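This one's a predicted model, so the numbers in the text were calculated from it and none came from an experiment.
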Protein chains: 2
Amino acid sequence: MSLRYALLGILREGPASGYDLMQLFKVSLHNTWPATQSQIYTELGKLADAGLLSVTARGPRGRKEYSLTDDGLAELRRWLLETEPEPHRNEPMLRVFLLGALTRDQAREYLTYLEKRAARFTDALEALDADVDWDNGDLSFYGRLALEYGKRLQAMNGEWAAWAVTQIPGAAAGDD
Amino acid sequence: MSLRYALLGILREGPASGYDLMQLFKVSLHNTWPATQSQIYTELGKLADAGLLSVTARGPRGRKEYSLTDDGLAELRRWLLETEPEPHRNEPMLRVFLLGALTRDQAREYLTYLEKRAARFTDALEALDADVDWDNGDLSFYGRLALEYGKRLQAMNGEWAAWAVTQIPGAAAGDD
DNA sequence: CTTTTCATGTAACAAGTTACATGATTTG
DNA sequence: CAAATCATGTAACTTGTTACATGAAAAG
């Protein structure tokens, strides 16, 4: 359901094609709201049918550029102001709950893996930060706030995992 | 896909009915992996058909108690050891990306709302901590690690939101 | 002229949500 | 005996994933 609003929100910055949006999702939105090519094209079709978007230009190879309509902007604002974010799933944390199915050594390994994963992720976010050409648009402005969030989240993830690994009783080897 | 492993993992602690599992999801797993009643019953049926669970007791009102089979435990371990967690969606953060659709006052309001939300969530986690009767099982042990994660996450959320609100330029009123 | 990039669309399937439907047992 | 709780199941719908299918245009 949120994908539709992501599309409306991005198109508020200016018209774009499905292909353009696909690229944007691949780089900057992937960590926040992953979407596949097929989903994007399908959703753009529905949004245009509903009058929230309109095709405002055609290019080579069947390229279609979509623009946000007044109705689309109104619907985006309504969503932002009048609806609550839905609870989200955290698969790595679900796995923590279930770690009792493994030996303590394996559980420690998983937590160490989470710590390394956080470090890798932090590097990826730094790279993204350097890679994106931030402009003066709202998406860049708020995108930087979201990026800072990602960095803090990964720092916290790493610290928690390092702490959690010390909580598992027993020596470093030979349990269960 | 993860729901099936959540069910297998919980049943590793001991047999339970669909109803029991439903309660557990409502209280302690809701923040990590929400699941509906219909989803749980459907999945239990599939898991039993696949031989990963078996019905080991019947009670009043058609109650069925499921137990983890050896195949089920093996499949749970395989998932934990050999598969990668999938990327997860963060709707509140998607909304941050799209805040340019609102006035700056409204954007600040949203961030302030996120800060309050984090505080409320922290309180709810403290209440949960006090409410749950932690036993000596693995689910309790690892559940406490996950709970600590939740507390740290909410603390970070609140700090980030308080910082983010200061990043939005302009006086406290009268823009856009 | 071959490969890469641009560009769209759809079909089949899996996962998750909402709503409906039913009824036994326990508690006050 | 009325209300709350226990207990299960399924149908319709929405959302998301994987895979297939096609082809124009640009770059080397």
For atom [atom1] of [X] and atom [atom2] of [N], their distance in whole Å:
X     : N      : atom1 : atom2 : value
A:L21 : C:dC6  : CG    : P     : 14 Å
A:M22 : C:dA7  : CE    : C1'   : 8 Å
B:H88 : C:dG16 : NE2   : P     : 15 Å
A:R58 : C:dA7  : CZ    : P     : 14 Å
B:K46 : C:dC13 : NZ    : C1'   : 11 Å
A:Y41 : C:dC6  : OH    : P     : 11 Å
A:Q37 : C:dA7  : CD    : C1'   : 9 Å

Please tell me which of B:Y66 and A:S2 maps to the more 5' nucleotide of DNA chain D, matching each residue to the nucleotide holding its nearest heavy atom.
B:Y66
Could you pick out which residue, B:Q39 or A:L3, lies toward the 5' side of DNA chain D when each is mapped onto its nearest nucleotide?
B:Q39
Has [X] got a side-chain atom pairing as donor or acceptor with [Y]'s backbone, closer than 3.5 angstrom?
X     : Y     : result
B:D20 : B:S17 : yes
B:T69 : B:G51 : yes
B:R89 : A:T32 : no

Name all pairs fulfilling the salt bridge (charged side-chain N to carboxylate O under 4.0 Å, His left out) condition that reach into residues 109-123 of chain B, sequence neighbours left out, sorted by first residue then second.
none
Does anything in residues 151-168 of chain B form a salt bridge (charged side-chain N to carboxylate O under 4.0 Å, His left out)? List the pairs, not counting sequence neighbours.
B:E126-B:K151, B:D129-B:K151, B:E148-B:R152
Assuming nearest nucleotide by heavy-atom distance, tell me which of A:R89 and A:G18 is located more 5' along DNA chain C.
A:G18
Going by the angle between their ring planes, with limits at 30° and 60°, are A:Y149 and B:W160 parallel, tilted or perpendicular?
perpendicular
What do the steps show when you test B:Y19 against B:E65 for side chain to side chain donor-acceptor pair (under 3.5 Å), and what is the final call?
CA-CA 9 Å; B:Y19 194 82; B:E65 265 187 10; over 6 Å; no
So what does A:T42 touch, heavy atoms closer than 4.0 Å: a base, only the sugar-phosphate, or nothing?
base
Under 4.0 Å, counting only non-hydrogen atoms across every strand here, what does A:S17 touch: a base, just sugar-phosphate, or nothing?
sugar-phosphate
Short N/O separations, protein against nucleotides 22-28 of chain C, under 3.5 angstrom:
none

Within 45° cone and under 6.0 Å: B:R95 NZ/CZ vs A:W79 ring
yes
Tell me the bend of the helix from C:dC1-D:dG28 to C:dG28-D:dC1 as the angle between end helix axes, each from five pairs, rounded to the nearest 10 degrees.
30°
Give the first and the last nucleotide of DNA chain D, reading 5' to 3', that has any atom under 4.0 Å from a heavy atom of chain A.
D:dT15 to D:dA25
Atom CD of B:Q167: over 12 foreign heavy atoms under 6.0 Å:
yes
Residues which pass side chain to side chain donor-acceptor pair (under 3.5 Å) with B:T42, listed by chain and number, not counting sequence neighbours:
none
Just do the side chain to side chain donor-acceptor pair (under 3.5 Å) check on B:Y5 and A:E91 with the steps written out, would you?
CA-CA 11 Å; B:Y5 299 103; A:E91 190 184 314; over 6 Å; no
Criterion side chain to side chain donor-acceptor pair (under 3.5 Å) on A:S140 and A:D135, from CA distance to verdict:
CA-CA 6 Å; A:S140 281; A:D135 60 23; 2.9 Å; yes
